[in-house]
Amino acid sequence: MRKLTAWLFLAPALILLAIFSFWPVAFGSLLAFTDYSLIRETHWVGLDNFRYIFDNEMFVTGLKNSLLFLLMVPFVQIGALSLAVLVNNQLPGIRYFRAAFYVPVVTTVSVVGIMWGFMFHEQGALNYVLRACHLVGAPVGWLSNDTLALFAIMFVTLWRGLGWYMVMYLAALQAVPADMQEAAILDGANRWQRFWKITVPMLRPTIMICSVLSVLAALKAYQEVDVLTQGGPMNSTFTGLYYAYDQGLKHLKLPRALAASFIVSLFCIGIALVCLRYLKPKHR
Amino acid sequence: MKPKFTPYYETLVRNYEAANPGVKVEWVDFPWDIIQTKLVTRIVAGTPPALVNLNVPWADEFARDGLLAPVDKLLGEARPRYLASTLQDLTFNGKTYGFPMYSNVAVIAYNTQIFKAAGIPHAPRELDEQLLFARQIAARTGKAGLCPALSKIDGLMMQQGLAVIANGKAVFNSPGHVALIRKLAETYKAGGLLKDALFAEDNFPAAIDAYKGGRLGMLLAPPTAVKRIESDAKDIYAITDVAPAPLGPTGIADGGWLIHYAVPKNVDAKLLPAIGKFARYLTNDANQLAFAKQASVYPAMAQAANDPFFTTVPSNAGAAEKAVAAGAVSMPHSHTLYVAGITDYDELRRYLVKAVEAGVTGKQDIQQALDQAVAIWNKKLAAQGIR
């Protein structure tokens, strides 16, 4: 009876999830193996779409770039945790700092694109400052140099994500029991020891979930690419998901887009499982 | 089209219904980015619209997918009244797939102060001169001279008489093509080309911003751009003059982008004569002229295109009025430069643009970059069965 009641309570959410999440994912994955088109009869084509996309330089570059985005994960997590520790202090005006770090999270991607477009422009603010400080001679093509552009986009993604993870770490930090810290102080532990021996272990579940979310966000990066470079220069900023978006929504090649999304999803699942395996708290 | 052209279309529809009792017309407006999906969905659902507003590349793709009906019979006696170039743009495999409505054409707006400082006496008359002037501007003023849309390099090649595909094979690695890219590379190296978004799919916003900011000597754009300069940057507008864009050795004008009305497949066959009549009404001289005046575009009907509105320049004309007249001179030579009949053309073009970008920016030898792109094209064209 108790089991039935539990299922009844879960039913509304499960029905909504089934309709809007599970079914589209399952149906989309299935269509990746077909030549689905609105205008023709659909046929099963096996791995043709996958062969096509793996034969395509833009997708292969995109996949490599999606994996390169993972380099950002440690920086985001260490940055967010450091920020959270900083703004966890009860200092005058600290709420304004917290809000300031959170603003990029709630700023729409189009505004972010325009703003960073101005910053990264060859005649833009960043080059102006760098040249004024005599750090560079000629303007740097942050978004027009095929070696730099991806890293510039990764920086914007990092900048946007930092506040989000900071808030999660802040919430976790504030849940660390004060008596544990006090007991450690009485035992003579210094700040550094308290941080490593008490705070970090207590934060481990949050670190795990933030790392997994951050890995998934890195593999799924595409919005910043769309607003800043549209895959250029020289196709160097394509990501796996941007390729899927480009094929599916710009060129209406849905099966190829679904195949690309399928591959990106496999990577997401695989890497998330690895993170869960190695970051999972050993003791509760 | 909404809301700016709502009164125009509502008046058109009202007048047509009054003159044709029993006919009911419904005008539906969708943003460009969802038109394709909406149209395909409606055709598949068996409820296609009687007429749909399309551009040439979409018409080509839809026609290949068998989603459009040829309109040769419906054009009837109105055919000779359309500009021949516009009908040619809509003819695929010997059949015409639309009623031409309007197009655009580029003019050269140039900053007379920059020209004077660079010692340039007149507007450029051909591409070589454009590039020479751009280098001269860079050398003498430190500013960029020109901002060509290099993401549409295929169009520029065709305008210069250099084929992209011949006999089903990519041929854009010939000595002529290499020479064209080399000229662009030399101009780029000399600082003559505006680097902002030079290879972006749409570099017009960057180009017009640079021109309005006095950072660009020449702007190759439709006359509407000159109007924007007039409203946004009065100081630059005051020192702007215009000239027709060079036609190139092919006699084709730059900047053509034809918009037309097509008839989707599966419309009720009994309605076709009425649809043809309404399409001819929508695109007749008077209605095209009225629309073109409001939208600052050029009609695809010969008589409307020769209206004094486009051809007469008042004595006190500013750059905007001169631009309209300069564009009218080029309009009969305007074509939508596009390689028809190729599946995944946009994707193939990306390989070409990447090769050109590598060549122009000096990252790779031009011949080598073009050869690599040609090899990819030919592999993909062969897979499509194009030989």
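Protein chains get the first letters and strands the later ones, always in sequence-line order, with residue 1 at the start of each. FYI, side chains are in, hydrogens and waters are out, and symmetry mates aren't considered; it's all heavy atoms of this structure.
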Exercise. Considering residues, nucleotides and ligands other than B:Phe204, do more than 12 of their heavy atoms fall under 6.0 Å from its CZ?
Worked result: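 Yes - once you tally the heavy atoms of other residues, nucleotides and ligands closer than 6.0 Å, there are more than 12.
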Enumerate, including both backbone and side-chain atoms, all donor-acceptor pairs under 3.5 Å from chain A to chain B.
from	atom 1	to	atom 2	distance (Å)
A:Arg40	NH2	B:Asp65	OD1	3.2
A:Tyr52	OH	B:Asp344	OD2	3.4
A:Tyr52	OH	B:Glu347	OE1	3.2
A:Tyr52	OH	B:Glu347	OE2	3.0
A:Asp55	OD1	B:Lys379	NZ	3.0
A:Asp55	OD2	B:Lys379	NZ	3.2
A:Asn56	OD1	B:Tyr351	OH	3.3
A:Asn56	ND2	B:Glu347	OE2	2.2
A:Glu57	N	B:Tyr351	OH	3.4
A:Glu57	OE2	B:Lys354	NZ	2.3
A:His121	NE2	B:Asp196	OD2	2.9
A:Asp146	OD1	B:Lys363	NZ	3.4
A:Met234	N	B:Glu357	OE1	3.0
A:Asp246	OD1	B:Arg350	NH2	2.9
A:Asp246	OD2	B:Arg350	NH1	2.8
A:Gln247	NE2	B:Glu347	OE1	3.3
A:His251	NE2	B:Asp346	OD2	3.3
A:Arg256	NH1	B:Asp344	OD1	3.0
A:Arg256	NH1	B:Asp344	OD2	3.1
A:Arg256	NH2	B:Asp344	OD2	2.9

For this session: Check whether B:Leu67 gets within reach of chain A through its side chain, its backbone, both or neither, counting any heavy atom under 4.5 Å.
Result: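 Only the side chain of B:Leu67 comes within 4.5 Å of chain A.
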